[in-house]
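Just so it is clear, the model here is predicted, and its values are computed rather than measured. Convention: sequence-line order gives letters A, B, ...; per-chain numbering from 1.
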Amino acid sequence: MNQKRALFTVKTILWVCALSPGAYLVNSLLRGSLGVNPVEKLTLWTGMTALVLLLTSLAVTPIRRISGWNLLIKLRRPLGLFAFFYASAHFVIWFAFYNIFDFGYMWADIVERRFITAGMAALFVMLPLALTSTRWAIRKLGKKWITLHRAAYLAGILGVVHYFWLVKADTRLPSLFALVLASLLGFRALQSRAAARIKLQRSSNQKG
Amino acid sequence: MIIRRKPDIASSEITPERTYLNRRHFVKKAAAAGVLGTALGPRALQGKTTLQELHPRFDSMTSEMDEPLNSYEEITTYNNFYEFGTRKSDPAENSGAFRPRPWKVEIGGMVNKPGEYELDDLLSGITMEDRVYRLRCVEAWSMVIPWYGFPLSALIDKVEPQPGAKYIEMKTIVRPEEMTHQRFPILDWPYIEGLRMDEAMHPLTILATGLYGADLPNQNGAPLRLVVPWKYGFKGVKSIQSIRFVEEMPINTWQVQNSHEYGFFANVNPNVSHPRWSQARETRLPGFRKDFDTMMFNGYTDQVQHLYAGMDLARWK
(Lines give C-alpha, C1' and ligand atoms only; values in the text may rest on other atoms or scores of the structure.)
Protein backbone atom coordinates (compact mmCIF):
# COMPACT_ATOMS: atom_id res chain seq x y z
CA MET A 1 0.00 0.00 0.00
CA ASN A 2 2.76 2.38 1.01
CA GLN A 3 4.62 1.50 -2.16
CA LYS A 4 1.53 2.27 -4.22
CA ARG A 5 1.06 5.60 -2.55
CA ALA A 6 4.72 6.48 -3.07
CA LEU A 7 4.45 5.59 -6.74
CA PHE A 8 1.32 7.70 -7.09
CA THR A 9 3.06 10.66 -5.49
CA VAL A 10 6.16 10.35 -7.64
CA LYS A 11 4.09 9.95 -10.79
CA THR A 12 2.01 13.00 -9.92
CA ILE A 13 5.17 15.05 -9.45
CA LEU A 14 6.44 13.80 -12.80
CA TRP A 15 3.24 14.76 -14.62
CA VAL A 16 3.16 18.21 -13.06
CA CYS A 17 6.84 18.83 -13.81
CA ALA A 18 6.62 17.52 -17.35
CA LEU A 19 3.45 19.40 -18.25
CA SER A 20 4.31 22.74 -16.66
CA PRO A 21 6.73 23.99 -19.37
CA GLY A 22 4.06 23.27 -21.97
CA ALA A 23 1.36 24.94 -19.89
CA TYR A 24 3.61 27.96 -19.37
CA LEU A 25 4.29 28.26 -23.11
CA VAL A 26 0.64 27.88 -24.14
CA ASN A 27 -0.41 30.39 -21.51
CA SER A 28 2.26 32.89 -22.58
CA LEU A 29 1.33 32.39 -26.21
CA LEU A 30 -2.32 33.14 -25.52
CA ARG A 31 -1.45 36.16 -23.40
CA GLY A 32 1.02 37.38 -26.02
CA SER A 33 3.78 37.50 -23.42
CA LEU A 34 6.42 35.39 -25.18
CA GLY A 35 8.57 38.43 -25.81
CA VAL A 36 9.98 40.07 -28.91
CA ASN A 37 10.82 36.81 -30.67
CA PRO A 38 8.06 34.39 -29.66
CA VAL A 39 9.12 31.60 -31.99
CA GLU A 40 12.69 31.62 -30.73
CA LYS A 41 11.40 31.25 -27.19
CA LEU A 42 8.99 28.44 -28.12
CA THR A 43 11.74 26.60 -29.97
CA LEU A 44 14.27 27.01 -27.19
CA TRP A 45 11.93 25.93 -24.41
CA THR A 46 10.47 22.90 -26.14
CA GLY A 47 13.93 21.73 -27.19
CA MET A 48 15.42 22.26 -23.76
CA THR A 49 12.51 20.47 -22.06
CA ALA A 50 12.77 17.53 -24.45
CA LEU A 51 16.47 17.16 -23.75
CA VAL A 52 16.11 17.42 -19.98
CA LEU A 53 13.32 14.82 -19.97
CA LEU A 54 15.27 12.50 -22.24
CA LEU A 55 18.36 12.64 -20.03
CA THR A 56 16.18 12.18 -16.95
CA SER A 57 14.67 9.06 -18.48
CA LEU A 58 18.21 7.76 -19.05
CA ALA A 59 19.06 8.51 -15.42
CA VAL A 60 16.23 6.30 -14.11
CA THR A 61 18.13 3.02 -14.27
CA PRO A 62 21.35 4.26 -12.62
CA ILE A 63 19.38 5.99 -9.86
CA ARG A 64 17.29 2.86 -9.35
CA ARG A 65 20.40 0.67 -9.09
CA ILE A 66 22.10 3.03 -6.66
CA SER A 67 19.07 3.75 -4.49
CA GLY A 68 17.58 0.29 -4.76
CA TRP A 69 14.18 1.89 -5.23
CA ASN A 70 12.84 -0.33 -7.97
CA LEU A 71 9.54 1.47 -8.36
CA LEU A 72 11.37 4.23 -10.21
CA ILE A 73 11.41 2.05 -13.29
CA LYS A 74 7.74 2.95 -13.72
CA LEU A 75 8.82 6.53 -14.49
CA ARG A 76 10.99 5.64 -17.44
CA ARG A 77 8.22 5.23 -19.99
CA PRO A 78 6.29 8.44 -19.19
CA LEU A 79 9.57 10.39 -19.13
CA GLY A 80 10.55 9.04 -22.54
CA LEU A 81 7.12 9.74 -23.97
CA PHE A 82 7.06 13.28 -22.61
CA ALA A 83 10.51 13.84 -24.10
CA PHE A 84 9.19 12.65 -27.45
CA PHE A 85 6.14 14.88 -27.09
CA TYR A 86 8.29 18.00 -26.56
CA ALA A 87 10.74 16.99 -29.29
CA SER A 88 7.79 16.66 -31.69
CA ALA A 89 6.42 20.05 -30.67
CA HIS A 90 9.94 21.46 -31.18
CA PHE A 91 9.99 19.97 -34.68
CA VAL A 92 6.50 21.22 -35.60
CA ILE A 93 7.29 24.78 -34.43
CA TRP A 94 10.50 24.76 -36.47
CA PHE A 95 8.75 23.40 -39.55
CA ALA A 96 5.79 25.77 -39.24
CA PHE A 97 7.55 29.06 -38.49
CA TYR A 98 11.16 28.76 -39.64
CA ASN A 99 10.38 26.72 -42.74
CA ILE A 100 6.86 28.12 -43.19
CA PHE A 101 5.48 24.63 -43.98
CA ASP A 102 7.76 24.31 -47.00
CA PHE A 103 9.30 20.86 -47.47
CA GLY A 104 11.96 22.27 -49.81
CA TYR A 105 13.17 24.73 -47.18
CA MET A 106 13.05 22.01 -44.55
CA TRP A 107 15.09 19.58 -46.60
CA ALA A 108 17.70 22.23 -47.41
CA ASP A 109 17.97 23.03 -43.70
CA ILE A 110 18.41 19.37 -42.78
CA VAL A 111 21.08 18.79 -45.40
CA GLU A 112 23.02 22.05 -45.06
CA ARG A 113 23.07 22.51 -41.30
CA ARG A 114 24.68 19.81 -39.24
CA PHE A 115 22.97 20.76 -35.99
CA ILE A 116 19.62 20.27 -37.71
CA THR A 117 20.81 16.97 -39.20
CA ALA A 118 21.62 15.79 -35.68
CA GLY A 119 18.33 17.03 -34.29
CA MET A 120 16.28 15.33 -36.99
CA ALA A 121 18.25 12.12 -36.45
CA ALA A 122 17.45 12.28 -32.72
CA LEU A 123 13.75 12.63 -33.48
CA PHE A 124 13.86 9.72 -35.93
CA VAL A 125 15.57 7.54 -33.34
CA MET A 126 12.91 8.44 -30.78
CA LEU A 127 9.98 7.75 -33.09
CA PRO A 128 10.08 3.92 -33.09
CA LEU A 129 10.76 3.96 -29.36
CA ALA A 130 7.63 6.01 -28.76
CA LEU A 131 5.61 3.76 -31.03
CA THR A 132 6.75 0.61 -29.24
CA SER A 133 6.04 1.80 -25.72
CA THR A 134 2.65 0.15 -25.49
CA ARG A 135 2.30 -2.87 -23.23
CA TRP A 136 1.34 -4.91 -26.27
CA ALA A 137 4.55 -3.98 -28.11
CA ILE A 138 6.67 -4.75 -25.06
CA ARG A 139 5.16 -8.23 -24.80
CA LYS A 140 5.33 -8.83 -28.52
CA LEU A 141 8.97 -7.79 -28.90
CA GLY A 142 10.23 -9.55 -25.77
CA LYS A 143 14.01 -9.41 -25.50
CA LYS A 144 14.26 -7.43 -28.72
CA TRP A 145 12.39 -4.59 -26.99
CA ILE A 146 15.24 -4.11 -24.53
CA THR A 147 17.82 -4.00 -27.30
CA LEU A 148 15.67 -1.60 -29.34
CA HIS A 149 15.12 0.75 -26.44
CA ARG A 150 18.84 1.06 -25.76
CA ALA A 151 18.60 3.44 -28.72
CA ALA A 152 17.37 5.99 -26.20
CA TYR A 153 21.07 6.54 -25.44
CA LEU A 154 21.69 7.24 -29.12
CA ALA A 155 18.84 9.76 -29.09
CA GLY A 156 20.42 11.37 -26.03
CA ILE A 157 23.80 11.64 -27.74
CA LEU A 158 22.24 13.10 -30.89
CA GLY A 159 20.20 15.54 -28.82
CA VAL A 160 23.22 16.83 -26.92
CA VAL A 161 25.26 17.08 -30.14
CA HIS A 162 22.36 19.00 -31.72
CA TYR A 163 22.43 21.49 -28.84
CA PHE A 164 26.22 21.73 -28.84
CA TRP A 165 26.40 22.48 -32.54
CA LEU A 166 23.59 25.00 -32.32
CA VAL A 167 25.24 27.20 -29.70
CA LYS A 168 27.44 29.90 -31.17
CA ALA A 169 29.86 30.67 -28.38
CA ASP A 170 28.58 30.07 -24.87
CA THR A 171 29.00 26.31 -24.52
CA ARG A 172 28.60 26.17 -20.74
CA LEU A 173 25.11 24.69 -20.71
CA PRO A 174 25.58 22.19 -23.54
CA SER A 175 28.81 21.12 -21.84
CA LEU A 176 26.85 20.42 -18.67
CA PHE A 177 24.40 18.30 -20.65
CA ALA A 178 27.30 16.45 -22.25
CA LEU A 179 28.85 15.81 -18.85
CA VAL A 180 25.59 14.39 -17.48
CA LEU A 181 25.17 12.19 -20.53
CA ALA A 182 28.77 10.98 -20.32
CA SER A 183 28.31 10.00 -16.66
CA LEU A 184 25.14 8.09 -17.50
CA LEU A 185 26.88 6.24 -20.32
CA GLY A 186 29.89 5.63 -18.10
CA PHE A 187 27.70 4.13 -15.40
CA ARG A 188 26.05 1.77 -17.85
CA ALA A 189 29.40 0.77 -19.33
CA LEU A 190 30.86 -0.06 -15.90
CA GLN A 191 27.75 -1.99 -15.04
CA SER A 192 27.74 -4.12 -18.16
CA ARG A 193 31.44 -4.87 -17.63
CA ALA A 194 30.66 -5.99 -14.09
CA ALA A 195 27.79 -8.08 -15.40
CA ALA A 196 30.05 -9.66 -18.03
CA ARG A 197 32.62 -10.52 -15.37
CA ILE A 198 30.00 -12.26 -13.22
CA LYS A 199 28.78 -14.18 -16.23
CA LEU A 200 32.35 -15.21 -17.06
CA GLN A 201 32.97 -16.35 -13.50
CA ARG A 202 29.80 -18.39 -13.49
CA SER A 203 30.65 -20.15 -16.73
CA SER A 204 34.21 -20.94 -15.57
CA ASN A 205 32.79 -22.23 -12.27
CA GLN A 206 30.51 -24.54 -14.20
CA LYS A 207 33.44 -25.90 -16.20
CA GLY A 208 35.44 -26.51 -13.01
CA MET B 1 19.89 60.27 -48.72
CA ILE B 2 17.82 57.36 -47.68
CA ILE B 3 16.18 58.79 -44.63
CA ARG B 4 12.68 59.95 -45.25
CA ARG B 5 10.64 61.81 -42.75
CA LYS B 6 7.06 62.73 -43.17
CA PRO B 7 6.67 65.42 -40.58
CA ASP B 8 3.27 66.63 -41.68
CA ILE B 9 1.37 63.38 -41.99
CA ALA B 10 -0.33 62.10 -38.90
CA SER B 11 0.55 58.51 -38.17
CA SER B 12 -3.15 57.73 -38.02
CA GLU B 13 -3.30 58.38 -41.74
CA ILE B 14 -0.65 55.77 -42.45
CA THR B 15 -1.32 53.07 -39.93
CA PRO B 16 -4.71 51.77 -38.88
CA GLU B 17 -5.41 53.21 -35.46
CA ARG B 18 -5.56 49.88 -33.68
CA THR B 19 -2.15 48.83 -34.99
CA TYR B 20 -0.82 52.24 -34.21
CA LEU B 21 -2.07 52.19 -30.64
CA ASN B 22 -0.77 48.70 -30.20
CA ARG B 23 2.66 49.64 -31.50
CA ARG B 24 2.78 52.60 -29.20
CA HIS B 25 1.55 50.61 -26.26
CA PHE B 26 4.76 50.89 -24.33
CA VAL B 27 5.21 54.57 -24.91
CA LYS B 28 1.59 55.29 -24.01
CA LYS B 29 1.80 53.23 -20.87
CA ALA B 30 5.01 54.94 -19.86
CA ALA B 31 3.53 58.38 -20.41
CA ALA B 32 0.37 57.52 -18.53
CA ALA B 33 2.29 56.23 -15.58
CA GLY B 34 4.57 59.22 -15.67
CA VAL B 35 7.59 56.94 -15.62
CA LEU B 36 9.13 58.37 -18.72
CA GLY B 37 12.18 59.60 -16.85
CA THR B 38 12.92 56.10 -15.69
CA ALA B 39 12.26 54.58 -19.08
CA LEU B 40 14.49 56.80 -21.12
CA GLY B 41 16.93 58.03 -18.52
CA PRO B 42 17.11 61.50 -17.02
CA ARG B 43 19.91 62.68 -19.27
CA ALA B 44 17.82 62.03 -22.31
CA LEU B 45 15.28 64.52 -21.16
CA GLN B 46 17.53 67.53 -20.89
CA GLY B 47 15.70 70.37 -22.48
CA LYS B 48 12.67 68.24 -23.18
CA THR B 49 9.94 68.09 -20.65
CA THR B 50 7.60 65.33 -21.68
CA LEU B 51 7.47 62.27 -23.84
CA GLN B 52 4.93 64.05 -26.01
CA GLU B 53 7.64 66.52 -26.90
CA LEU B 54 10.09 63.72 -27.48
CA HIS B 55 8.19 61.29 -29.57
CA PRO B 56 5.75 62.88 -32.04
CA ARG B 57 8.32 62.88 -34.81
CA PHE B 58 8.61 59.12 -34.47
CA ASP B 59 4.90 58.58 -35.00
CA SER B 60 5.25 59.47 -38.64
CA MET B 61 8.72 58.05 -39.11
CA THR B 62 9.24 54.94 -41.21
CA SER B 63 12.17 53.43 -43.04
CA GLU B 64 12.72 54.62 -46.58
CA MET B 65 10.69 51.59 -47.65
CA ASP B 66 7.74 52.67 -45.51
CA GLU B 67 8.39 50.00 -42.89
CA PRO B 68 7.05 50.84 -39.43
CA LEU B 69 9.50 51.22 -36.57
CA ASN B 70 9.94 48.57 -33.93
CA SER B 71 8.86 49.78 -30.52
CA TYR B 72 11.31 51.16 -27.98
CA GLU B 73 10.53 48.18 -25.77
CA GLU B 74 11.29 45.67 -28.54
CA ILE B 75 14.56 47.35 -29.40
CA THR B 76 15.73 47.53 -25.80
CA THR B 77 14.70 44.12 -24.44
CA TYR B 78 15.94 41.83 -27.21
CA ASN B 79 19.69 42.25 -27.63
CA ASN B 80 22.84 40.36 -28.48
CA PHE B 81 25.48 41.86 -26.22
CA TYR B 82 27.44 38.89 -24.88
CA GLU B 83 29.35 41.07 -22.41
CA PHE B 84 26.12 41.05 -20.39
CA GLY B 85 25.04 37.45 -21.09
CA THR B 86 24.11 35.30 -24.02
CA ARG B 87 20.33 35.22 -23.70
CA LYS B 88 18.49 37.97 -25.54
CA SER B 89 16.94 39.24 -22.31
CA ASP B 90 20.28 39.26 -20.45
CA PRO B 91 21.67 42.63 -21.61
CA ALA B 92 18.56 44.52 -20.47
CA GLU B 93 18.59 42.65 -17.16
CA ASN B 94 22.32 42.67 -16.40
CA SER B 95 23.56 46.03 -17.66
CA GLY B 96 22.12 48.21 -14.91
CA ALA B 97 25.46 48.66 -13.15
CA PHE B 98 27.30 49.75 -16.31
CA ARG B 99 28.39 53.41 -16.25
CA PRO B 100 28.48 54.94 -19.75
CA ARG B 101 29.62 58.31 -18.36
CA PRO B 102 32.19 59.70 -18.02
CA TRP B 103 33.56 58.12 -21.17
CA LYS B 104 36.85 58.34 -22.97
CA VAL B 105 37.64 57.13 -26.45
CA GLU B 106 41.18 56.28 -27.40
CA ILE B 107 42.10 57.24 -30.95
CA GLY B 108 45.27 55.63 -32.19
CA GLY B 109 47.24 54.07 -35.00
CA MET B 110 48.00 55.90 -38.24
CA VAL B 111 46.33 59.19 -37.43
CA ASN B 112 47.49 62.79 -37.08
CA LYS B 113 45.53 63.53 -33.94
CA PRO B 114 45.84 60.52 -31.69
CA GLY B 115 44.94 60.64 -28.02
CA GLU B 116 42.45 59.89 -25.36
CA TYR B 117 39.39 62.05 -25.98
CA GLU B 118 36.52 62.83 -23.67
CA LEU B 119 33.46 61.64 -25.58
CA ASP B 120 31.79 65.04 -25.38
CA ASP B 121 34.91 66.74 -26.79
CA LEU B 122 35.05 64.22 -29.59
CA LEU B 123 31.42 64.86 -30.47
CA SER B 124 31.53 68.65 -30.21
CA GLY B 125 30.67 70.36 -33.44
CA ILE B 126 29.24 67.19 -34.94
CA THR B 127 25.55 67.34 -35.87
CA MET B 128 23.34 64.55 -34.60
CA GLU B 129 20.46 63.20 -36.65
CA ASP B 130 17.82 60.47 -36.72
CA ARG B 131 18.56 57.53 -38.98
CA VAL B 132 15.98 54.83 -39.52
CA TYR B 133 17.71 51.60 -40.53
CA ARG B 134 16.82 47.96 -40.83
CA LEU B 135 18.97 45.90 -38.50
CA ARG B 136 19.52 42.43 -39.95
CA CYS B 137 21.04 39.97 -37.50
CA VAL B 138 23.02 37.02 -38.82
CA GLU B 139 20.57 34.91 -36.82
CA ALA B 140 17.99 35.73 -39.50
CA TRP B 141 15.80 38.20 -37.66
CA SER B 142 15.43 41.89 -38.27
CA MET B 143 14.06 45.09 -36.77
CA VAL B 144 13.58 48.68 -37.92
CA ILE B 145 15.34 51.07 -35.56
CA PRO B 146 15.40 54.87 -35.35
CA TRP B 147 19.01 55.49 -34.37
CA TYR B 148 20.29 58.83 -33.24
CA GLY B 149 23.86 59.58 -34.18
CA PHE B 150 26.22 60.89 -36.84
CA PRO B 151 28.24 59.64 -39.81
CA LEU B 152 31.44 57.92 -38.74
CA SER B 153 33.14 59.95 -41.49
CA ALA B 154 32.62 63.13 -39.45
CA LEU B 155 34.72 61.68 -36.63
CA ILE B 156 37.32 60.29 -39.02
CA ASP B 157 37.74 63.69 -40.68
CA LYS B 158 38.21 65.25 -37.28
CA VAL B 159 41.16 63.05 -36.28
CA GLU B 160 42.85 63.04 -39.70
CA PRO B 161 43.97 59.52 -40.61
CA GLN B 162 47.23 59.16 -42.52
CA PRO B 163 47.32 57.87 -46.11
CA GLY B 164 48.66 54.48 -44.99
CA ALA B 165 45.52 53.73 -42.96
CA LYS B 166 43.53 51.18 -44.90
CA TYR B 167 41.25 49.88 -42.16
CA ILE B 168 39.62 51.06 -38.98
CA GLU B 169 39.48 48.84 -35.92
CA MET B 170 37.11 49.39 -32.99
CA LYS B 171 37.01 47.74 -29.60
CA THR B 172 34.43 47.44 -26.86
CA ILE B 173 35.53 48.49 -23.41
CA VAL B 174 36.65 45.77 -20.97
CA ARG B 175 35.09 46.14 -17.51
CA PRO B 176 34.46 42.71 -16.06
CA GLU B 177 33.32 44.28 -12.81
CA GLU B 178 30.39 45.90 -14.63
CA MET B 179 30.10 43.66 -17.68
CA THR B 180 29.19 40.49 -15.87
CA HIS B 181 29.94 38.01 -18.63
CA GLN B 182 33.38 39.33 -19.48
CA ARG B 183 34.36 37.25 -16.44
CA PHE B 184 33.78 34.16 -18.55
CA PRO B 185 35.78 33.24 -21.65
CA ILE B 186 32.69 33.18 -23.86
CA LEU B 187 34.33 35.27 -26.56
CA ASP B 188 37.89 36.52 -26.87
CA TRP B 189 37.43 39.88 -25.07
CA PRO B 190 37.59 42.70 -25.94
CA TYR B 191 35.07 42.51 -28.76
CA ILE B 192 36.77 43.74 -31.92
CA GLU B 193 35.24 44.84 -35.19
CA GLY B 194 36.58 46.61 -38.21
CA LEU B 195 35.77 48.23 -41.51
CA ARG B 196 37.68 48.98 -44.68
CA MET B 197 38.31 52.72 -44.84
CA ASP B 198 35.89 53.27 -47.74
CA GLU B 199 33.19 51.41 -45.80
CA ALA B 200 33.92 53.51 -42.73
CA MET B 201 33.68 56.72 -44.76
CA HIS B 202 30.42 55.72 -46.42
CA PRO B 203 27.61 58.13 -45.55
CA LEU B 204 25.36 55.26 -44.41
CA THR B 205 27.86 54.19 -41.74
CA ILE B 206 27.08 55.87 -38.46
CA LEU B 207 28.12 55.95 -34.86
CA ALA B 208 24.98 55.96 -32.74
CA THR B 209 24.70 57.65 -29.39
CA GLY B 210 20.98 57.14 -29.05
CA LEU B 211 17.75 55.66 -30.33
CA TYR B 212 14.26 57.11 -30.41
CA GLY B 213 16.00 60.43 -29.88
CA ALA B 214 17.14 59.47 -26.37
CA ASP B 215 20.52 58.30 -25.11
CA LEU B 216 21.43 54.70 -25.90
CA PRO B 217 20.40 52.37 -23.10
CA ASN B 218 23.32 50.31 -21.77
CA GLN B 219 21.99 47.14 -23.40
CA ASN B 220 22.13 48.77 -26.84
CA GLY B 221 25.78 49.75 -26.55
CA ALA B 222 25.93 52.99 -24.59
CA PRO B 223 27.39 55.48 -24.98
CA LEU B 224 28.72 54.96 -28.50
CA ARG B 225 28.21 52.14 -30.99
CA LEU B 226 28.72 51.42 -34.65
CA VAL B 227 25.80 50.87 -37.05
CA VAL B 228 26.46 49.61 -40.58
CA PRO B 229 23.04 48.88 -42.05
CA TRP B 230 24.11 46.75 -45.02
CA LYS B 231 26.09 44.35 -42.84
CA TYR B 232 24.98 41.76 -40.31
CA GLY B 233 24.31 43.18 -36.88
CA PHE B 234 27.40 41.73 -35.23
CA LYS B 235 29.52 44.30 -37.09
CA GLY B 236 27.93 46.95 -34.89
CA VAL B 237 30.49 46.97 -32.07
CA LYS B 238 29.04 48.44 -28.89
CA SER B 239 30.35 50.64 -26.04
CA ILE B 240 33.34 51.66 -28.14
CA GLN B 241 36.45 52.48 -26.14
CA SER B 242 39.13 52.37 -28.81
CA ILE B 243 39.31 53.37 -32.47
CA ARG B 244 42.50 52.60 -34.36
CA PHE B 245 43.56 53.32 -37.91
CA VAL B 246 45.57 50.42 -39.27
CA GLU B 247 47.15 49.11 -42.45
CA GLU B 248 46.21 45.43 -42.10
CA MET B 249 42.70 44.01 -42.11
CA PRO B 250 41.69 43.58 -38.46
CA ILE B 251 40.58 40.14 -37.36
CA ASN B 252 37.15 40.62 -35.86
CA THR B 253 35.97 38.69 -32.80
CA TRP B 254 33.52 36.35 -34.51
CA GLN B 255 36.14 35.44 -37.07
CA VAL B 256 38.45 34.47 -34.21
CA GLN B 257 35.60 32.49 -32.65
CA ASN B 258 34.76 30.61 -35.84
CA SER B 259 36.52 31.55 -39.05
CA HIS B 260 34.57 28.92 -40.95
CA GLU B 261 31.31 30.73 -40.27
CA TYR B 262 32.14 34.41 -39.99
CA GLY B 263 34.28 36.66 -42.13
CA PHE B 264 35.41 40.27 -42.08
CA PHE B 265 32.91 41.77 -44.50
CA ALA B 266 29.67 40.20 -43.24
CA ASN B 267 27.56 41.91 -45.89
CA VAL B 268 23.92 40.88 -45.76
CA ASN B 269 23.60 38.44 -48.64
CA PRO B 270 20.62 36.12 -49.17
CA ASN B 271 22.62 34.07 -51.68
CA VAL B 272 25.42 33.08 -49.35
CA SER B 273 24.19 30.45 -46.96
CA HIS B 274 25.47 30.18 -43.44
CA PRO B 275 26.14 26.90 -41.61
CA ARG B 276 23.60 27.84 -38.93
CA TRP B 277 20.90 29.89 -40.60
CA SER B 278 19.64 30.10 -44.12
CA GLN B 279 20.14 33.75 -45.00
CA ALA B 280 17.55 33.75 -47.77
CA ARG B 281 14.71 34.74 -45.45
CA GLU B 282 14.34 36.49 -42.12
CA THR B 283 11.79 36.96 -39.34
CA ARG B 284 10.76 40.57 -39.06
CA LEU B 285 10.29 40.87 -35.33
CA PRO B 286 8.04 40.75 -33.44
CA GLY B 287 6.54 38.45 -36.07
CA PHE B 288 6.32 34.67 -35.98
CA ARG B 289 7.09 33.53 -39.50
CA LYS B 290 10.47 33.60 -41.17
CA ASP B 291 8.84 34.71 -44.40
CA PHE B 292 10.45 38.07 -45.14
CA ASP B 293 12.76 37.76 -48.16
CA THR B 294 16.19 39.01 -47.20
CA MET B 295 17.41 41.77 -49.50
CA MET B 296 20.91 41.97 -50.95
CA PHE B 297 22.94 44.35 -48.78
CA ASN B 298 19.85 44.51 -46.56
CA GLY B 299 18.15 46.68 -49.19
CA TYR B 300 20.97 49.24 -49.50
CA THR B 301 22.39 47.83 -52.76
CA ASP B 302 22.19 51.05 -54.76
CA GLN B 303 24.17 52.93 -52.17
CA VAL B 304 26.89 50.39 -51.44
CA GLN B 305 27.40 47.89 -54.25
CA HIS B 306 30.14 50.01 -55.84
CA LEU B 307 32.29 49.31 -52.77
CA TYR B 308 32.50 45.65 -53.75
CA ALA B 309 32.81 45.88 -57.54
CA GLY B 310 34.77 42.91 -58.82
CA MET B 311 34.80 41.13 -55.47
CA ASP B 312 33.53 37.56 -55.17
CA LEU B 313 31.05 38.02 -52.35
CA ALA B 314 30.68 34.28 -51.81
CA ARG B 315 34.36 34.15 -51.00
CA TRP B 316 34.68 37.42 -49.06
CA LYS B 317 32.09 36.58 -46.48
Checklist entry - Relative to chain A, which segment of B/Asn258 carries a heavy atom at a distance below 4.5 Å: side chain, backbone, both, or neither? => result neither
Next on the checklist: Please classify the contact of B/Glu139 with chain A as side chain, backbone, both or neither, using a heavy-atom distance under 4.5 Å.
Outcome noted: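 Contact with chain A is through the side chain of B/Glu139 alone.
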Item to check | A/Leu29 portion near chain B, given a 4.5 angstrom heavy-atom threshold | outcome: side chain
Checklist entry - By a 4.5 Å heavy-atom criterion (distance strictly below it), what part of A/Tyr98 contacts chain B: side chain, backbone, both, or neither? => result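 For A/Tyr98, heavy atoms of backbone and side chain both lie under 4.5 Å from chain B.
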Checklist entry - Can you tell which of A/Lys168, A/Lys41, A/Arg172 has the highest number of heavy-atom pairs within less than 4.5 Å of chain B? => result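 Looking at each option in turn, the highest pair count goes to A/Lys168.
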Checklist entry - Taking A/Val36, A/Val39, A/Ile116 one by one, which has the highest count of heavy-atom pairs under 4.5 Å against chain B? => result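 Max contact count across the listed options: A/Val36.
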Checklist entry - Parallel, tilted or perpendicular for B/Trp141 and B/Tyr78, by the 30°/60° rule? => result perpendicular
Next on the checklist: Which label fits B/Tyr262 and B/Trp254: parallel for a plane angle under 30°, tilted from 30 to 60°, or perpendicular past 60°?
Outcome noted: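 B/Tyr262 and B/Trp254: tilted rings.
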Next on the checklist: So which residue, B/Leu285, B/Thr86, B/Thr77, ends up with the most heavy-atom pairs under 4.5 Å with chain A?
Outcome noted: B/Leu285
Checklist entry - Looking at B/Arg87, B/Gln257, B/His181, B/Met143, which one has more heavy-atom pairs under 4.5 Å with chain A than the rest? => result B/Gln257
Checklist entry - Taking the side chain from A/Thr117 and the backbone from A/Arg113, do they hold a donor-acceptor pair closer than 3.5 Å? => result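 Yes, A/Thr117 side chain to A/Arg113 backbone: donor-acceptor pair under 3.5 Å.
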Checklist entry - Backbone N or O of B/Ala222 within a donor-acceptor pair of the B/Asp215 side chain at under 3.5 Å? => result no
Checklist entry - Any side-chain donor-acceptor pair under 3.5 Å between B/Arg284 and B/Ser142? => result yes
Next on the checklist: Can you see whether B/Ser95 engages B/Asn218 through a side-chain donor-acceptor pair at a distance of less than 3.5 angstrom?
Outcome noted: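 No.
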Next on the checklist: Ring centroids only, cut at 6.0 angstrom: are B/Trp316 and B/Phe264 within range, meaning strictly under it?
Outcome noted: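 Centroid separation for B/Trp316 and B/Phe264: 6.0 Å or greater.
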Checklist entry - Under 6.0 Å between ring centres, would you say that holds for A/Phe95 and A/Tyr105? => result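 Ring-ring flag for A/Phe95/A/Tyr105: false, centres at least 6.0 Å apart.
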Checklist entry - Between A/Ala89 and A/Thr46, what is the shortest heavy-atom contact and its length? => result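 Between these two residues, the closest heavy atoms are CB-CG2, 4.2 Å.
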Checklist entry - chain B contacts: which residues in residues 129-162 of chain A have a non-hydrogen atom closer than 4.5 Å to it? => result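 The stretch does not come within 4.5 Å of chain B.
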